[in-house]
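Some notes on the structure that comes next.
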Amino acid sequence: QVQLVETGGGLVQPGGSLRLSCAASGIIFRFNAMGWYRQAPGKQRELVAAIISGGSTNYADSVKGRFTVSRDNAKNTVFLQMNSLKPEDTAVYYCNGRVQTGRDTWLDYWGQGTQVTVSS
């Protein structure tokens, strides 16, 4: 019943900007953490940015200073502002929501992905 839907992907020139959004539906709880992963063709899926309910953030080294993750806890929505985009940022970006189910256990929910292409 839980669904995460990403929007905002598209084609942009190097140096440009995009803002991704991800909204959750079909749930009555708030995710403990939300974030963004990406996967380029032939490469492993990697964490791009994440944010927990308290506001702490984590970024991949490759995007620090260029990307900003934020969330609206009440709406179970997460955003990714991407500036100074580079061709190597081209990938399918996936939204993630995490619910802690125990001390060291959790459950992940995923969106369907949105394509980001950075090219001239």
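It should be emphasised that the depicted structure is a prediction, and the values quoted were computed from it without experimental measurement.
For the pair Asn32/Ile52, no side-chain contact is recorded, criterion being any heavy-atom separation below 4.5 Å from C-beta on. A 4.5 Å side-chain heavy-atom check between Val92 and Gln112 finds every atom pair outside the cut-off. Lys86 places a side-chain heavy atom less than 4.5 Å from the side chain of Arg66. Proximity of Leu80 to Val48: side-chain heavy atoms (C-beta onward) are separated by under 4.5 Å at one or more points. Counting only heavy atoms from C-beta outward, the side chains of Val5 and Cys22 never approach each other to under 4.5 Å. Using a 4.5 Å cut-off on side-chain heavy atoms (C-beta onward), Asn96 and Tyr109 make no contact.
For Arg45, there are no side chain to side chain donor-acceptor pair (under 3.5 Å) partners two or more places apart in sequence or in a different chain.
The main-chain N or O of Asp108 is never found under 3.5 Å from a side-chain atom of Arg98 such that the two would form a donor-acceptor pair. Side-chain N or O atoms of Tyr59 include one that pairs as donor or acceptor with a backbone N or O of Val69 at under 3.5 Å. With hydrogens and angles ignored, the 3.5 Å screen pairs a side-chain donor or acceptor of Gln39 with a backbone N or O of Lys43. In this structure a side-chain-to-backbone donor-acceptor pair under 3.5 Å is present from Arg71 to Ile51. Side chain of Ser53 to backbone of Phe31: a donor-acceptor contact under 3.5 angstrom is found. Side chain of Glu6 to main chain of Gly113: a donor-acceptor pair is present (N/O by atom type, distance under 3.5 Å, no hydrogens or angles).
Between Ser84 and Asp89, the shortest heavy-atom distance links the atoms O-OD2, 4.5 Å. What you find for Leu4 and Ala24 is that their closest heavy atoms are CD2-CB, 3.3 Å.
Note that CG of Leu11 is 8.5 Å distant from CG of Leu18, once rounded to the nearest 0.5 Å.
Trp36 and Phe67 have their aromatic ring centers separated by at least 6.0 angstrom.
No side-chain donor-acceptor contact under 3.5 Å links Asp72 and Thr77.
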